[in-house]
Amino acid sequence: MIRFIASRIGFAALVLLLLSGFVFTLFFVAPGDPARLVAGERATEAQVAMVRENLGLDRPVIEQYFSFLGRSLTGDLGFSYRNQQPVIQLIQNRMPATISLCIGAVIMWLCLGIPIGIMSARYPGSLRDRVGQGFILIGISFPSFVLGMAALYFLYFLPRQAGLTLFPPGGYKPFLANPAQWAWHMLLPWFTLALTSAAIYARLTRGQMLEVLGEDYIRTARAKGLSERKVIYKHGVRSIFTPLTTQLGADIAALLGGALVTEQVFGLQGIGSLAVQSVQTQDRPVIIGVVMLAGFFIVVANLVVDFLYLLLDPRVRV
Amino acid sequence: QEAKTGGTLRVLGTAEVDRFDTVPPATAVTGSFFRAVTRQLISFAASEDPHEQIAPQADLAESVPTPTNDGLTYTFKLRQGVDWNAPGGARQVTSADIERGFMRLCNPFLPSPSASYFEDMIVGFADFCAGFAKVDAKVDTMKAYIEQGDIKGIETPSDDTVVFQLTRAANDFIYLLTLPVTSPAPVEVLDYLPDSPEYRQNFISAAPYTIESYVPDSMVRLVRNPVWKAENDPLRKAYVDAIEVVAGVQADAAMQQLQSGDGDMLFDIPVPPVTVQMLKMQGDEKLSTLAEGASKMIWINTVSNNNDGALRNPKVRQALNYAIDKAAVVQQYGGPEFATPLNGIFPLGILGNHDFSPYPTPNNQGDPEKARALLAEAGYPDGLTLKMPFRNLGIDPAVAQVLQASLQKAGFTIELVPTPASDFYARLITNFDNALNGVWDLVPSGWSPDWPGGAARSIYQPQYTYDGTHGTFNFSDYNNDAASEVAARALTTTDLAESEKLWQQVDEMVVADAPTVPLVSLTTVLYHGTAVENFLPFAAGGNGDWTNVWLNR
Amino acid sequence: MNQPVQQRSSFDLTMRRLLSDKAGLISLCFILLLVAFAVGADGIAAWTGHSPIDQFRDTALTPTGLPVGPNADFFFGADQLGRDVFVRLAYGARISLAIGVVASLLAALIGVTVGLVSGYFGGWVDVVLGRFMDLVMSIPVLLCMLSLVAVFGPSVPLSVAVIVFFSWTTMGRVIRGQVLSLREREFVVAARSLGAGHLSIMVTDILPNLTVPIIIYTTMMVPSSIIFEATLSFLGLGIVPPAPSWGGMLADAANNSIYMFAWWLVLFPGLALLLTTLSFNILGDALRDALDPNSSRRALRKRSKQKAPAAS
Amino acid sequence: MPLLTVRNLHIDIPTGDGDVHAVRDVSFSVEPEQLFGIAGESGSGKSVLSQAILGLMPGARISGEILFEGKNLLELTPRQMQKLRGDRIAMISQDPLSSLHPFYSVGRQITEAIRAHRRISERAALEEAIDILGRVGIHSPEKRVFDFPHQFSGGMRQRVMIAMAIVLRPALLIADEPTTALDVTVQAQILALLNQMRRELGTAIIMVTHDLELLSSIADHAMVMYAGNRMELGPGEAVLKAPAHPYTLGLLRSSPTQETRGPLPSIPGQPPSLLAEQVGCAFAARCQSAMEICGQKRPPLREFDDETRSLCWLETKAASVAPSVPAEPIQDLQPAPDAPPIVSVRDVHLTYGGRNLFGATPGVEVLKGISFDLARGTTLGIVGESGCGKSTLARIIAGLLPPTSGDVVIEGESITGLDRRQWVEMRKRVQMVFQNPFGSLNPRRRVGSIIGDPFRIQNIASGADRKRRVRELMEIVGLNPEHYNRFPSEFSGGQRQRIGIARALALNPSLIIFDEPVSALDVSIQAQILNLIARLQSELGLSYLFISHDLAVVRHVSSQIVVMKSGQIVEHADTQTLYNMPQHPYTRELLAAADPDFRSARPAALEIGA
Ligand SMILES: Nc1ncnc2c1ncn2[C@@H]1O[C@H](COP(=O)(O)OP(=O)(O)OP(=O)(O)O)[C@@H](O)[C@H]1O
Ligand SMILES: Nc1ncnc2c1ncn2[C@@H]1O[C@H](COP(=O)(O)OP(=O)(O)OP(=O)(O)O)[C@@H](O)[C@H]1O
Ligand SMILES: [Mg+2]
Ligand SMILES: [Mg+2]
């Protein structure tokens with residue numbers, strides 16, 4: 001057990017190390033010249049060279065990598081080329097929006113997907129099931145950027161032109177300042193981000209539920225005289241936690257990708273838009289920081305999933 | 001309508017305000033921001049009148065001086081009562097602050113590209129900078145160098161007087177002093193690296209607004225500077241109480257918010273032509289235009305050996321000039337309101353612009369026949385295959401495709417290479433090796449002068465002169481000594497009409513060599529939200545003036 | 001003693017089930033139509049007289065550069081450069097389908113190979129490959145894609161490579177899980193007891209038993225690859241203009257706010273994209289129901305970290 | 001008054017391929033405290049019937065009557081039915097592994113059942129759960145009540161299931177093959193427990209099984225089903241000792257329980273598909289006493305003096321009229337005393353685990369020094385409880401698994417330390433036939449290529465030659481060579497096992513290892529396979545290693561028997577000797593557990609415990 005945990009953590013660390021190597025290499029084989037970007041388009045060669053030296057870009061790549069590694073262990077991810085802010089702080093500023101978006105979306109998709117999946121599985125072949133399946137298919141087939149644009153156009157712009165304010169145009173309102181405003185501003189982004197995954201979860205839930213409902217222990221539960229509700233929600237749903245948790249762990253990576261698109265569409269100041277912006281401006285420290293952070297979250301999420309497994313499934317508990 | 005004070009102006013942008021410090025390189029749109037938080041000796045008034053827009057006006061200076069000593073000496077009296085909002089209390093802006101501002105331009109940490117304008121213009125500036133370049137890029141060492149150093153040509157006989165000594169007459173020196181880089185610098189800023197987080201946190205303003213809060217990447221909030229006094233500022237009325245510059249808003253969303261009243265003005269977002277057409281159809285009156293002197297052209301690579309150096313042949317370059325359908329480009333930019341076909345190097349609104357057409361085509365629609373003929377004459381009857389990278393941003397892909405289509409008709413096969421916006425100039429175009437190695441043959445490029453009005457120098461010098469070191473924006477080392485000689489005369493003469501004539505001559509001489517294909521001269525279209533009143537264009541910001549609008553909510 | 005058991009062959013059953021699934025049948029027809037549309041793009045171009053890159057600046061654009069809407073000349077209207085949206089849609093179908101299909105096939109190939117080897121050999125091979133899959137899955141996909149494109153510049157092969165790189169793990173996981181249980185099956189032991197080598201067992205004994213998940217998952221990967229490509233194009237990282245792709249067309253429409261005026265620029269490519277991914281998804285579901293009626297969901301079980309790298 | 005009366009019950013299950021007629025016109029009744037047995041081959045509708053009584057066949061079309069305590073269960077609302085389930089009618093199912101929810105503690109699962117019907121506190125329910133667990137023989141139940149199902153062994157899980165079923169003192173307990181998944185010894189314990197409960201609580205039990213012998217010893221009443229029909233019904237003794245129906249008789253004769261040797265009188269053919277409408281007697285096609293009318297008209301119900309009722313055209317009891325099958329003379333194959341053994345196993349040890357990526361872990365020693373010889377042309381039977389290492393030993397001998405220490409010598413050649421080529425060569429001498437005819441054939445390959453695999457792998461014959469030899473082999477094992485191109489799924493279980501045997505024969509091996517070759521088959525099919533195996537041995541002079549946990553089967557085929565327990569051989573003797581004079585206590589226990597009389601006679605004497 002201890003060994004299992006230790007080996008998982010060790011592996012997580014290895015993954016992060018490899019990831020940092022990958023990202024670093026990627027940006028150092030890149031022929032772009034960040035010094036030129038920092039120095040400005042109209043700077044002279046001499047000025048650019050000066051900047052290059054100040055950024056430490058004239059040193060060997062390996063040396064830069066190890067100094068980066070050393071610093072990042074202490075939580076120092078360097079400074080943005082673009083606005084000289086510490087990368088950590090930039091990320092911190094962006095965190096609330098992304099976390100709000102992700103957590104809200106996860107909750108929303110779970111709340112949409114699981115009930116739909118359960119309902120579909122309870123009455124396979126029924127009208128309800130078909131409607132549920134339709135939802136799943138449409139959800140999976142919709143590119144979220146199209147969905148986001150449509151949502152903004154139809155739910156914000158058109159009503160607003162008619163003098164109605166159904167939804168805000170996007171932007172992030174801090175949760176602590178005004179929770180109601182926060183939620184109101186997040187609704188459309190949540191929905192946009194949640195739809196695809198809700199569909200995937202509905203599909204997964206339906207499949208798992210169908211399978212579980214065919215298990216012998218469900219028959220046992222029925223034979224005990226439990227009500228159908230108890231059979232489904234206590235015995236059935238309990239068993240699909242494990243696969244759902246696994247899926248959730250695997251989704252973190254995709255979640256960040258989805259968040260990126262959603263943040264773009266709704267102008268949320270989150271990690272995703274930070275990443276896009278940094279890529280567009282070749283702000284390497286920020287890109288590396290964001291990718292590492294995202295990788296960190298994914299790895300940690302998967303660790304948590306592994307440990308949740310231990311909690312959820314008494315069979316693997318030792 | 002009655003002016004109103006109060007309210008918060010919401011300015012929407014995709015990117016954040018990139019610089020708080022006027023020294024390091026900043027994007028042009030930051031001009032609006034600097035207008036609100038910095039002051040220069042000379043500036044412009046916000047106005048709808050195209051002439052008034054570009055007339056230099058006294059700002060920190062009490063008046064616009066006339067040069068003495070054959071145009072070599074400029075003496076400024078500083079306006080009294082203009083104070084720094086310094087930590088120790090209000091403090092008059094002095095001539096030393098002005099000189100310090102200039103000194104910071106060539107700091108070795110983040111030097112200002114504009115420093116090069118002054119290097120051979122102000123006496124002793126080059127020496128000062130050469131010394132500075134050797135200094136360690138640390139706060140202490142840089143501070144020491146500035147405190148001990150001196151620029152010979154900037155004299156501060158008293159706290160309220162500053163005298164500039166020039167190496168040679170320059171009739172655009174007054175214009176240069178409108179650049180934000182010439183803003184005075186209070187002594188406290190020497191304790192921070194240029195534009196560092198500390199600098200931003202301890203921002204000291206002498207203008208109507210100062211920085212209240214800054215969340216990197218998302219919002220800067222400006223509030224009234226408590227020590228600013230309206231009577232000492234002829235150019236800024238400062239009606240609104242606060243200005244929020246919000247970043248991270250996509251163009252679509254921003255336009256929607258402006259129309260719905262959730263936003264007031266745009267920061268770095270150009271109004272899409274389609275939207276303008278739609279707004280006009282709806283009879284929206286919140287549209288205005290501003291000619292900033294921006295232009296688009298295609299650079300031709302004359303240094304590579306691609307196609308056996310075909311592009312070095314003037315006939316081929318002329319063929320390119322004949323081939324382009326400039327009317328189509330204009331159409332793509334949204335019609336004549338947005339763009340005008342350009343045949344010379346100087347766009348509308350710049351001294352030297354005049355109507356001439358060295359490579360005439362019917363209705364500016366291009367003359368593929370003529371182009372083909374020239375190409376055949378140059379020895380390429382089967383046409384040429386050329387690589388054309390373009391910037392993958394906004395309308396540029398569309399324009400690139402229009403160019404491709406019209407060149408195709410004239411026998412040029414164009415390979416388009418989409419390039420991320422960040423790489424386009426920084427990595428691809430300004431790197432002379434890429435030109436030498438033939439990474440590109442043609443590149444659609446654009447140029448806007450650093451200041452409005454008499455800015456012919458800021459177009460000619462960086463782009464069309466070569467003195468042995470590669471000019472960053474002279475992509476293929478173009479040089480024409482005869483033209484440069486005429487340009488020098490145009491800069492020193494005090495007679496404006498004479499100067500204009502000379503610049504026109506320069507234009508014709510350059511275009512005869514066809515180093516580029518001029519495309520269009522651009523007009524900026526401005527738009528604002530419903531609550532904004534008194535929206536007056538500020539030429540140096542390329543946008544409405546934040547400090548002169550009022551809100552009517 | 002030797003009476004044949006009354007049973008239909010599995011192919012027969014599968015076809016019967018497939019044909020009785022109306023939604024699946026309609027999807028299949030739609031996909032076939034789409035393929036015809038894509039293959040016949042040249043024909044369509046010839047018939048309309050509009051090539052996908054011809055700019056009809058006089059007939060398809062107003063003097064101020066606004067495109068014209070659907071009319072007799074331009075069935076689906078014109079785009080911001082005065083090109084025929086209908087014709088471009090046909091050529092875009094080529095790209096979308098090609099990317100979707102090629103990427104899915106490649107991803108399936110890699111995923112099957114890795115999953116097969118990893119599951120079959122187990123032990124340290126499995127540990128190493130399994131960890132490698134974990135590594136790939138810990139990479140924030142879209143971020144890396146953005147960075148890669150920023151570094152190498154956009155191109156179709158790069159898009160395909162990235163889609164493949166990030167989606168093969170889905171297949172790998174599924175296959176590995178299946179192989180883990182298949183290799184314990186007695187027919188594998190039987191093959192071994194006959195002297196079969198590893199390669200022979202993997203190819204002739206295990207692989208045929210994976211056809212169902214392979215077919216299903218490959219089909220399911222097609223729509224997600226198409227959406228992924230569209231998302232890349234939307235972020236300006238897709239294929240090189242003037243070649244049309246659906247995502248690129250949508251991006252063009254969105255980028256300059258033109259869709260607010262020219263709805264047809266969003267509607268038609270958007271609908272094409274939606275219907276295509278929808279069809280592939282429905283077809284995938286139908287195939288799953290037909291091929292694997294009972295244990296259809298087994299593939300999703302336990303540690304199968306499914307889900308394509310849906311960027312959207 | 002009977003507790004349960006089922007009248008003219010029909011159950012049709014709609015599926016995509018048509019309606020499955022799972023139960024056709026079945027009637028019977030069960031008295032309180034009675035043990036009512038339902039027997040029949042796989043797929044005869046036993047489970048469907050028992051689940052229908054509980055109202056757990058949603059979607060099925062059920063007609064007829066199920067009267068329980070005077071109420072027609074088919075007319076109750078789902079809510080009323082739910083109240084009845086668990087409280088008045090309880091169920092235990094075949095597989096205790098999958099019938100308990102893996103994520104809830106057993107205590108919780110029991111209290112849940114209690115609290116679904118009684119308004120009592122969680123604590124009180126827990127007390128009851130502990131009490132009942134103690135009564136079914138779980139030691140220190142107050143601790144184990146918090147354990148999860150996976151922490152219990154199979155037998156104990158089945159006890160938990162029983163505890164859960166009887167905790168509310170139901171009037172009727174339906175046990176659907178409650179012991180099939182368990183070891184013989186555990187089986188006996190469970191049966192004893194059920195019997196005890198019946199007597200103590202007065203519960204009526206419906207027991208579903210396909211073990212006729214078992215039924216004959218414990219059932220008060222028995223019903224035999226075939227293809228959904230009730231073929232025969234009557235007092236247990238009468239039905240199973242002197243069957244009235246030819247089908248029952250056939251089943252009894254096919255079971256290798258009698259002390260017979262040689263070919264078993266098997267029932268030829270397969271059961272019919274339940275999709276088809278039935279004309280005449282369902283069994284007609286396989287019946288040796290079939291008459292013309294049997295295939296045309298549904299047979300009448302005949303009642304005999306001993307209260308047995310039979311659905312048959314025969315007017316007398318089948319037992320008395322059916323032609324007795326002549327038992328072939330048995331010539332026991334005795335090895336030539338001086339002939340070298342074909343296999344000799346020398347002190348084989350095997351330890352699983354031991355090393356993994358993260359260092360050494362204590363391994364499990366599965367085989368602890370096994371030695372024996374097998375003489376040419378004879379059969380050695382290996383019996384032992386589940387998990388004692390039988391399959392492991394088989395794999396070692398087959399060369400599929402290297403022993404940790406010790407050696408196996410086949411025809412004078414050691415099988416350890418061979419290079420790849422020698423190893424492949426060795427494959428020609430030893431072949432295996434596996435337990436599961438569904439798992440050991442690749443479902444995605446055609447039968448022809450499966451049987452031809454040895455030729456392909458060993459590079460012996462190809463093309464037409466291979467095809468010819470495959471057809472020959474198919475003929476030898478009694479398969480129709482025309483079915484060369486079919487998939488395994490198109491064959492029945494018995495036919496599939498023939499395919500497996502044909503494949504094993506392809507290379508003319510000298511030794512064939514059978515690892516439980518018939519445990520997955522019905523008795524009627526089992527007999528066919530056992531006959532085939534015996535025939536091949538005498539025709540081809542093969543040597544067999546025959547592994548099974550069913551002592552009766554092993555005894556039937558082997559000349560010598562090895563008894564294994566926990567990785568060791570506890571006894572090795574001639575079949576006769578072993579059967580008549582078991583030496584080791586474990587052997588005696590095995591024999592006792594397998595003896596039906598023993599099972600029913602002395603339940604209390606059995607040690608109830610883990
Ligand atoms: N839910 C169902 N849907 C379709 N067919 C079913 C269903 N349940 C059972 N059957 C079919 O009904 C027939 C009878 O099945 P049942 O499970 O009652 O057999 P059984 O006698 O219990 O066999 P076994 O001894 O193998 O348990 C079989 O052919 C089976 O395939
Ligand atoms: N690969 C393995 N790794 C570790 N332990 C194993 C492995 N295979 C089998 N075992 C263990 O070895 C023991 C013997 O297994 P084996 O399959 O030989 O038993 P068996 O006598 O054939 O049982 P059954 O009658 O159930 O088939 C069991 O306890 C089993 O759990
Ligand atoms: Mg059954
Ligand atoms: Mg075994």
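Below, read A as the first sequence line, B as the second, and so on, with proteins coming before strands; counting in each chain starts at 1.
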**Student:** According to the interplanar angle, ranging from 0 to 90°, do the rings of C:Phe268 and C:Phe76 count as parallel (below 30°), tilted (30 to 60°) or perpendicular (above 60°)?
**Tutor:** parallel

**Student:** Who are the side chain to side chain contact (heavy atoms under 4.5 Å, CB included) partners of B:Ala400, not counting sequence neighbours?
**Tutor:** B:Met388, B:Phe390, B:Leu416

**Student:** What heavy-atom pair brings C:Leu265 and C:Pro269 nearest, and what distance separates the two atoms?
**Tutor:** O-CG, 3.1 Å

**Student:** Is it the case that the side chain of B:Asp284 and the backbone of B:Lys280 share a donor-acceptor pair, with hydrogens and angles ignored and the cut-off at 3.5 Å?
**Tutor:** no

**Student:** Ignoring hydrogens and angles, tell me if any N or O in the side chain of B:Lys326 forms a donor-acceptor pair with the backbone of B:Leu342 under 3.5 Å.
**Tutor:** yes

**Student:** May I ask you to decide if B:Thr14's main-chain N or O and B:Asp268's side chain share a donor-acceptor pair within less than 3.5 Å?
**Tutor:** yes

**Student:** Validate the cation-pi geometry between B:Lys370 and B:Tyr322: distance from NZ or CZ to the six-membered ring centre under 6.0 Å, angle to the ring axis within 45°.
**Tutor:** yes

**Student:** When only pairs under 4.5 Å are counted, which of B:Pro397, B:Gly335, B:Pro418 shares the most heavy-atom pairs with chain C?
**Tutor:** B:Pro418

**Student:** Step by step, work out the salt bridge (Lys or Arg N to Asp or Glu O under 4.0 Å) result for B:Arg391 and B:Asp396.
**Tutor:** CA-CA 6 Å; B:Arg391 191 164 63 149; B:Asp396 287 12; 3.2 Å; yes

**Student:** Identify which part of B:Glu337 has an atom lying under 4.5 Å from any heavy atom of chain C, answering side chain, backbone, both or neither.
**Tutor:** neither

**Student:** Within residues 437-445 of chain B, which positions have a heavy-atom distance to chain C below 4.5 Å?
**Tutor:** none

**Student:** Between C:Gln55 and B:Gln401 (side chain of the first, backbone of the second, donor and acceptor by atom type, cut-off under 3.5 Å), is there such a pair?
**Tutor:** yes

**Student:** How about residues 81-99 of chain C versus chain B: which residues have heavy atoms under 4.5 Å apart?
**Tutor:** C:Leu81, C:Arg83

**Student:** So, using ring-ring contact (aromatic ring centres under 6.0 Å, His included) as the criterion, who are the partners of C:Phe165 when residues are at least two apart?
**Tutor:** none

